[in-house]
Amino acid sequence: MSGLDDNCKVLDYSDLNVEGAHIAARFFNVRFLAGTEEHIGSMFETHAKRPQVAFMGDIAAKQNAVTTSIQRNVEKWALEDYLHLRRTQPLPFNARPSTSMETI
């Protein structure tokens, strides 16, 4: 964690949307071509591994599938550092810090 600086940003799962793509692009000094907004938006509506299939969010299913053991290990090994990142990094991709297990 000591190596983090202004060149590091947290990309939270909930940040994966059109606005997040634009903010990430600006961070990396990438400009989208004029008129590509609709195409970029459509990318978030299709399944990444099967483009012919519409994207269906699966956060709830994944949360329901988490075992007590996995939840304990996340809380033990990852949650504190994750929350520290969200507190110390400016929130470039959304307006709220996420503290739920869905983003880990």
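Quick note: residue numbers are just sequence positions, from 1. Keep in mind the model is a prediction, meaning the values are calculated, not measured.
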request  = Tell me, please, which residues at least two apart from F44 pass ring pair (Phe, Tyr, Trp, His ring centres under 6.0 Å).
outcome  =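 Applying ring pair (Phe, Tyr, Trp, His ring centres under 6.0 Å) to F44 gives none.
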ask   = Mind checking what makes ring pair (Phe, Tyr, Trp, His ring centres under 6.0 Å) contact with H47, not counting sequence neighbours?
value =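 With sequence neighbours excluded, H47 shows a ring pair (Phe, Tyr, Trp, His ring centres under 6.0 Å) to no residue whatsoever.
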side-chain contact (heavy atoms from CB on, under 4.5 Å) assessment of R26 paired with I23 = CA-CA 5 Å; R26 281 195 300 272; I23 294 170; 3.1 Å; yes
F55 side, atom CZ; L16 side, atom CG - distance, nearest 0.5 Å =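 Between atom CZ of F55 and atom CG of L16 there are 8.5 Å.
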inquiry  = Just so I know, are the side chains of E80 and H84 near enough to count as touching, which here means a heavy-atom distance under 4.5 Å?
reply    =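 No, every pair of side-chain atoms sits at 4.5 Å or beyond.
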request  = Could you list all the salt bridge (Lys or Arg N to Asp or Glu O under 4.0 Å) pairs where at least one residue sits in residues 51-60, not counting sequence neighbours?
outcome  =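 Applying salt bridge (Lys or Arg N to Asp or Glu O under 4.0 Å) to every pair that reaches into residues 51-60, excluding sequence neighbours, yields D58-K62.
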Transitive ILVMFWY side-chain link F27 to V30, under 4.5 Å =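 Yes, F27 and V30 fall within the same hydrophobic cluster.
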Between side-chain atoms of residues 31-41 and protein atoms elsewhere (two or more places apart, or another chain), which donor-acceptor pairs fall under 3.5 Å?
residue, atom, partner, partner atom, Å
T36, OG1, L33, O, 2.7
E37, OE1, H22, NE2, 2.9

query = By side chain to side chain contact (heavy atoms under 4.5 Å, CB included), which residues pair with T67, not counting sequence neighbours?
reply =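 Once residues adjacent in sequence are excluded, the partners of T67 under the side chain to side chain contact (heavy atoms under 4.5 Å, CB included) criterion are S69, I70.
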